[in-house]
Amino acid sequence: MASPSTKKKETSEITPRQKFEGPTEGVWGVVHLPGGQRIITCSDDGSLRVWNLESGKQMGEDWKDGESVVRSIALSPDGKKVVSGSDDGAVRLWDIDTCKVIMKWMGHTREVKSVCWSRDGRKVLSGSGDGTARQWNVESGGTILEPIKTGHIYVFAAVYSPDMTLIATGGCGCDINRSGPRESSVKIWDVKTGELVATLKGHTHDVHCLAWTMDGNTLISGSYDNSIRIWNTTNWQQTTVLDEHTDLVYAIAISPNGCILASASHDKTARLWNLENEQPINISPLQHAEPAHCLSFSADGKLLATGCHDRNAYSWDIAAVVKEAGLGDLLLDSKPKKLALRVCYTAIKDIILFNIHTLGQCYTASGPDTSTCQSRPSRFFRWNPTNSFLCTKS
């Protein structure tokens with residue numbers, strides 16, 4: 001485990017590994033695609049575009065379905081689809097191979113600012129400027145439960161917890177044109193009932209972004225008050241405030257191994273944070289020409305892609321800069337012995353396969369729907385030869 005730095009280590013100015021030029025307006029979303037060779041972006045110009053990470057060139061034509069601004073995108077757990085949210089209130093499901101819309105979900109009455117997949121890939125969560133969060137059944141395209149009326153005037157962020165039992169939302173508590181104090185809490189909701197579970201108070205301005213750690217024990221929020229706050233989800237108490245940014249925080253992302261937090265800000269920088277000690281990683285910020293809107297880690301955690309108001313996207317060699325800061329251990333995969341796993345136990349004998357990098361269930365040989373099962377420690381488990389999958393038998 002990395003230890004807190006007692007003295008700031010000077011690093012050289014960090015430059016992008018690659019620049020991606022093409023969108024005619026600001027870039028609001030960026031995601032790494034499977035295979036480690038491509039990223040996809042969404043933009044104010046209404047397009048989704050796929051880029052070659054090495055050459056920086058666009059691959060194929062723009063993906064378009066109308067002219068509406070595309071505010072957010074998210075990759076499905078199986079890596080085969082992308083969901084997007086737009087200013088026309090639509091949530092669109094895209095097939096990565098065909099580059100076409102395969103489903104279009106209507107219901108929101110204002111722009112869709114946030115989209116998120118459930119870990120099992122069966123549901124999509126959307127947050128909108130109409131103040132609601134909606135859950136969508138990916139197979140049928142229908143909504144699940146009634147929309148959650150969050151109490152936020154605008155929902156900027158809506159995310160599922162890793163175990164898919166909770167939803168966290170953040171947003172703006174009063175009309176964006178109204179003066180006076182703003183309600184600026186993070187709210188936690190029960191997935192099955194849509195009822196409010198907890199209200200997290202601490203931010204002093206709109207909450208724009210949210211992320212859960214892989215184990216679900218920590219929730220992280222970024223705000224227009226320039227801060228990032230870390231919350232303990234066992235008691236919903238704030239544990240840490242990260243305040244290196246000098247302007248509003250647009251986006252946050254956690255590295256696949258759970259050790260590094262990245263943040264993008266209106267102050268024209270992206271910054272890196274050590275989640276093992278909840279301190280900034282002492283490197284120069286990743287400088288942008290204009291506000292940095294979004295970011296995404298590669299599957300191996302070694303590259304960071306960012307999207308900027310300057311109409312460009314960028315990739316950054318995170319492995320190199322973290323090693324230069326003397327924190328190369330933060331790039332290592334989590335060791336199996338550090339993981340506390342709980343698996344489904346039923347009266348019927350089940351064989352359940354988990355991907356250990358995501359803790360997502362990949363395959364169940366038999367038995368009932370695991371969402372109805374109680375969680376108990378497995379009586380038997382075995383790793384595959386590469387330690388990337390865990391097979392359990394109850």
Side-chain angles (χ1 to χ4, degrees), residues 1-2 31-32 34 74-79 114 116-123 125 157-168 186 188 191 209-222 228-236 239-240 242 251-263 272-279 281 295-304 318 322 327 329-344 352-363 370-371 375 377-378 381 383-384 386-392:
M1 178 180 291
V31 172
H32 285 264
L75 179 69
S76 64
D78 64 8
S114 173
C116 172
W117 288 85
S118 63
R119 177 162 282 177
D120 61 8
R122 296 178 181 178
K123 296 182 289 186
L125 176 66
V159 292
Y160 281 114
S161 63
D163 65 3
M164 302 178 294
T165 63
L166 299 172
I167 289 169
V186 177
I188 310 298
V191 164
C209 48
L210 295 164
W212 298 82
T213 55
M214 188 168 55
D215 59 11
N217 292 331
T218 303
L219 179 65
I220 305 174
S221 56
I228 298 167
R229 295 173 189 253
I230 299 179
W231 310 84
N232 182 331
T233 62
T234 61
N235 57 16
W236 302 116
T239 62
T240 307
L242 307 176
I252 53 177
I254 299 173
S255 63
N257 69 357
C259 295
I260 300 173
L261 175 72
S263 56
L272 301 179
W273 313 82
N274 180 348
L275 284 180
E276 294 198 345
N277 60 24
E278 300 181 350
Q279 295 294 317
I281 293 176
L295 35 71
S296 170
F297 281 98
S298 60
D300 62 7
K302 295 180 179 179
L303 293 178
L304 185 73
I318 296 305
V322 170
L327 295 172
D329 284 353
L330 294 180
L331 301 168
L332 300 177
D333 287 338
S334 298
K335 302 295 189 297
K337 64 183 180 181
K338 292 184 179 180
L339 294 169
L341 297 176
R342 297 179 71 82
V343 299
C344 179
I352 306 172
L353 189 64
F354 288 84
N355 182 325
I356 199 59
H357 296 303
T358 65
L359 295 188
Q361 182 177 323
C362 302
Y363 174 75
T370 58
S371 65
S375 179
S378 172
F381 70 88
W383 297 95
N384 76 332
T386 63
N387 287 331
S388 58
F389 288 91
L390 176 72
C391 185
T392 71

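All of these numbers come straight from a predicted model, not from anything done at the bench. All residue numbers refer to positions in the sequence shown, counting from 1.
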**Report entry** Validation row: L261, L242 side chains within 4.5 angstrom (heavy atoms)
**Finding:** yes

Report summary line: Taking every heavy atom of P256 against every heavy atom of S298, the minimum-distance pair comes out as CG-O, 3.3 Å

Query raised in the report: Would R229 and V186 satisfy side chain to side chain contact (heavy atoms under 4.5 Å, CB included), going step by step from the backbone distance to the final call?
Result: CA-CA 10 Å; R229 295 173 189 253; V186 177; over 6 Å; no

**Report entry** Reported CD1-to-OG distance for the pair I318 and S255, which is rounded to 0.5 angstrom
**Finding:** 10.0 Å

Report task. Indicate the atoms forming the closest heavy-atom contact of W212 with A168, along with that distance. Result -> CZ2-CB, 3.9 Å

Query raised in the report: How long is the gap from CD1 on I220 to SG on C209, to the nearest 0.5 Å?
Result: 10.0 Å

Report task. Supply the atom-to-atom distance C259 SG to N274 CG, rounded to the nearest 0.5 angstrom. Result -> 7.5 Å

Requested in this report: Output, in order, the C-alpha distance, side-chain angles, deciding distance and verdict of side chain to side chain contact (heavy atoms under 4.5 Å, CB included) for L219 and I188.
Outcome: CA-CA 10 Å; L219 179 65; I188 310 298; 3.8 Å; yes

Report task. Report yes or no: does N257 contribute a side-chain atom to a donor-acceptor pair with the main-chain N or O of L332 at less than 3.5 Å? Result -> yes

Requested in this report: Tell me, please, which residues at least two apart from D78 pass salt bridge (charged side-chain N to carboxylate O under 4.0 Å, His left out).
Outcome: K81

Query raised in the report: Hey, is the main chain of I230 close enough, under 3.5 Å, to the side chain of T240 for a donor-acceptor pair?
Result: no

**Report entry** Nearest heavy-atom neighbours spanning V159 and L125
**Finding:** N-CD2, 3.5 Å

Query - Flag side-chain contact, heavy atom, 4.5 Å: I281 against L330 - result: yes

Report task. Determine the minimum heavy-atom distance between I252 and G222, stating which atoms define it. Result -> CD1-N, 4.3 Å

Query raised in the report: Just wondering, do Y160 and I167 contact through their side chains at under 4.5 Å, heavy atoms?
Result: yes

Query raised in the report: Are any of the side-chain heavy atoms of D329 and E276 separated by less than 4.5 Å?
Result: no

Query - Check against side chain to side chain contact (heavy atoms under 4.5 Å, CB included), I260 and L304 - result: CA-CA 11 Å; I260 300 173; L304 185 73; over 6 Å; no

Query - Shortest non-hydrogen contact between D300 and L303, atoms and distance - result: OD1-N, 4.2 Å

Query raised in the report: Under a 4.5 Å cut-off applied to non-hydrogen side-chain atoms, are P77 and R119 in contact?
Result: no

Query - Minimum-distance pair of heavy atoms, taken over all atoms of S263 and W273 - result: OG-NE1, 2.9 Å

Query - With V31 via side-chain contact (heavy atoms from CB on, under 4.5 Å) - residues at least two apart - result: I40, I73, L75

**Report entry** K302 atom NZ, neighbour heavy-atom count above 12 within 6.0 Å
**Finding:** no

**Report entry** Side-chain (S161) to main-chain (G216) donor-acceptor, under 3.5 angstrom
**Finding:** no

